[in-house]
Amino acid sequence: MLRNALLISTVLWFGVGHCAGVPQADLTITVDKDLLKYGGVVTVYPIPVSAKTWADIAGEDAQTAIRLDSRYTKVQLRYPQGGKFSYRFRPVDGTPHANAHATQVLSIIGVDQDDRGPPMTEGFKNAYSSGGRIIRVPPMAELAGGDDATKTNARWGVTERYDEPPPADQRSARALVAIVEYVPQKLPLQCQGGKRVQVCTIADDQWPALEARWWRAIAEQRLERLRDRALRNCYDSNRSLFGGGTCVADPESDEPAYFYRK
C-alpha cells in the first residue's frame, strides 16, 4: 500500500559502512511553497568525486542545505568517491503537522556495466552520477488533511477548484516525470548552487505550458485505465474452455467499452 511506501522524515544513507573517519556528504532538503502545498517530484543524483576534488570543495563550500519550492526539481549532490552521502526532506519551519511529512520513492535510477549512472546534461555537466532516485513529495493535504475525505481526495488526485494546479498523487506524479523526461521537446532546466550541490528547475515562464501538458497526460492516463479495465472485464466475462473469440471496441459507446466476438 502507498501508506507503507511513504518514508516519514525521510533520511536516506548510502555508501560504505558507518566507520569513523569515512568522508561523507550530507544534505537537508527543505520543502516550501507550491512543492509543500501541492506536491511534486524531486530527482536526486549523487555524483562521486575524487578525494582531491572533495578536499577542495569541502573546505570552500559549506552548502549542506537547500530550499525547494518548484514542483519539479533535479538535485545533484557531490560526495567523496568511496565515502558515503545522505539526504533528508523536511517541511519548512512553521508548517502545521510537520511531523506527518513524508516522501515516496517512485523509481530507482540504476547504473551501467561500468557502475555509472546517467551523466548530467546541466549543472555539473558531463559528470556521471552513481544512479539516483525519483522521489514524490506528496501534498500536505494527503498526509495531514483535516479529515479522511480531504486526505482521500489528495491521494486520488481529486481537484475541486477550477484554478487548482495539476495534482501530485502517485499516478499524476509519474505523468509529470514522463512529460519532462521522455518527450522529444524537453524543457530546458536552469541550475544554480555551489560546488557541492546544484539545483536544476524549470523556468517560471515555462510552467503554464508544462501544466497544460501535465493535465493532458493525466487525462490520457485515466482514459487508458478505463480502456484497460473495460477490456479486462470483457475477457473475464466471456471466458470459455474453447476460446477462439476476441474483444473488440464498441463503436456505439461514448466511453471505453468492448464486446466479445467469436
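Sequence positions, counted from 1, serve as the residue numbers for this chain.
- For Cys191 against Gly123, the heavy-atom pair with the smallest separation is SG-N, 3.4 Å.
- Tyr260 and Thr246 are not linked by any side-chain donor-acceptor pair at a separation below 3.5 angstrom, with hydrogens and angles left out of the test.
- Taking the salt bridge (Lys or Arg N to Asp or Glu O under 4.0 Å) definition, one finds that Arg261 meets it with nothing, sequence neighbours left out.
- Here the side chain of Ser253 pairs no donor or acceptor atom with the backbone of Pro256 at under 3.5 angstrom.
- Separating the OG1 atom in Thr159 from the CG atom in Asn153 is a distance of 9.0 Å, to the nearest 0.5 Å.
- Closest non-hydrogen pair, Ile202 versus Trp207, comes out as O-NE1, 3.5 Å.
- Summarising the geometry of Ser129 relative to Pro48, their closest heavy-atom pair is C-CD, 4.2 Å, with the distance given to 0.1 Å.
- Annotation: the span from Asp32 atom CG to Arg90 atom CZ amounts to 15.5 Å, rounded to 0.5 Å.
- Every residue two or more places apart in sequence or in another chain was checked for a ring pair (Phe, Tyr, Trp, His ring centres under 6.0 Å) with Tyr72, and none qualifies.
- Remark: Ala203 pairs with Gln190, Asp205, Gln206 by the side-chain contact (heavy atoms from CB on, under 4.5 Å) rule, at least two apart or across chains.
- Of all non-hydrogen atoms in Ala144 and Ala100, the two that sit nearest each other are CB-CB, 4.1 Å.
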Exercise for the section: Please step through side chain to side chain contact (heavy atoms under 4.5 Å, CB included) for the pair Val75 and Leu27, ending with a clear verdict. Expected result: CA-CA 10 Å; Val75 176; Leu27 176 66; 3.9 Å; yes
For residues 109-119, which side-chain N or O atoms pair as donor and acceptor with protein atoms under 3.5 Å away, sequence neighbours left out?
from, atom 1, to, atom 2, distance (Å)
Asp112, OD1, Asp114, N, 2.9
Asp112, OD1, Asp115, N, 3.2
Asp112, OD1, Arg116, N, 2.9

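- In this view, Pro91 and Leu36, Thr95, Ala98, His101 satisfy the side-chain contact (heavy atoms from CB on, under 4.5 Å) rule, not counting sequence neighbours.
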Under 3.5 Å, which donor-acceptor pairs link side chains of residues 219-229 to any protein atom two or more places apart or in another chain?
from, atom 1, to, atom 2, distance (Å)
Glu220, OE2, Arg216, NE, 2.9
Gln221, NE2, Arg171, O, 2.9
Arg222, NH2, Gly157, O, 3.1
Glu224, OE1, Arg227, NH1, 3.0

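- Between Gly132 and Pro46, the shortest heavy-atom distance links the atoms CA-CD, 3.8 Å.
- Distance check, rounded to the nearest 0.5 Å: CD1 of Ile66 to CD of Gln198 gives 10.5 Å.
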Exercise for the section: Evaluate the salt bridge (charged side-chain N to carboxylate O under 4.0 Å, His left out) criterion for residues Lys37 and Glu164: first the C-alpha distance (whole Å), next the side-chain angles of each, then the deciding distance (0.1 Å), finally the verdict. Expected result: CA-CA 11 Å; Lys37 182 177 181 180; Glu164 284 189 4; over 6 Å; no
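- At a threshold of 4.5 Å between non-hydrogen side-chain atoms, the residues Tyr79 and Gln24 do not count as touching.
- Contacts of Leu231 classified as side-chain contact (heavy atoms from CB on, under 4.5 Å), with partners at least two apart in sequence or in another chain: Tyr235, Cys247, Tyr258.
- Remark: Arg155 CZ to Asp148 CG distance equals 8.0 Å, nearest 0.5 Å.
- Residues that satisfy the side-chain hydrogen bond (donor to acceptor under 3.5 Å, both in side chains) test with Tyr45, not counting sequence neighbours, are absent from this structure.
- The side-chain contact (heavy atoms from CB on, under 4.5 Å) check on Tyr38 picks up Asp34, Arg71, Pro165, with sequence neighbours excluded.
- Among residue pairs with one or both ends in residues 44-54, those qualifying as salt bridge (charged side-chain N to carboxylate O under 4.0 Å, His left out) are Lys52-Asp56; sequence neighbours excluded.
- Between Leu176 and Pro166 there is no side-chain heavy-atom pair separated by less than 4.5 Å.
- Under the salt bridge (Lys or Arg N to Asp or Glu O under 4.0 Å) criterion, Asp236 pairs with Arg239, sequence neighbours left out.
- In this structure, CD in Gln170 is found 14.5 Å from CH2 in Trp156, a value given to the nearest 0.5 Å.
- For Thr150, the side-chain hydrogen bond (donor to acceptor under 3.5 Å, both in side chains) test picks out Asp147, with sequence neighbours left out.
- We find that Arg136 and Asp169 are not joined by a salt bridge, their nearest charged nitrogen and carboxylate oxygen being 4.0 Å or further apart.
- Within the 4.5 Å cutoff, side-chain heavy atoms of Leu106 are placed close to those of Arg174.
- With a 4.5 Å cut-off on side-chain heavy atoms, Gln76 and Met120 count as touching.
- Contact check for Phe259 versus Val248: side-chain heavy atoms found under the 4.5 Å cut-off.
- In this structure, Leu68 and Val42 have side chains that are in contact, with non-hydrogen atoms separated by less than 4.5 Å.
- Interatomic distance, Phe124 CZ to Ile47 CD1, rounded to the nearest 0.5 Å: 6.0 Å.
- His97 has its side chain out of reach of Leu143: every pair of non-hydrogen atoms, C-beta onward, lies at least 4.5 Å apart.
- In summary, the side chains of Asp26 and Ser86 do present a donor paired with an acceptor at a separation below 3.5 Å, with no hydrogens or angles considered.
- A 4.5 Å side-chain heavy-atom check between Thr28 and Thr64 finds every atom pair outside the cut-off.
- The same ILVMFWY cluster, assembled from side-chain heavy atoms under 4.5 Å apart, contains both Leu187 and Ile134.
- Connection of Tyr128 to Leu77 is not established within any shared hydrophobic cluster, with ILVMFWY side chains joined at heavy-atom distances below 4.5 Å, either directly or through further cluster members.
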Practice task
Start with the C-alpha gap between Thr43 and Ile135, add the side-chain angles, then the distance that decides, and say whether side chain to side chain contact (heavy atoms under 4.5 Å, CB included) holds.
Solution key: CA-CA 6 Å; Thr43 301; Ile135 298 169; over 6 Å; no
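- Contact between Ala154 and Pro139 at its shortest, heavy atoms only, is CB-CG, 4.3 Å.
- Between Phe85 and Tyr87, the ring planes are parallel. Angles under 30° get that label, and only those over 60° would be called perpendicular.
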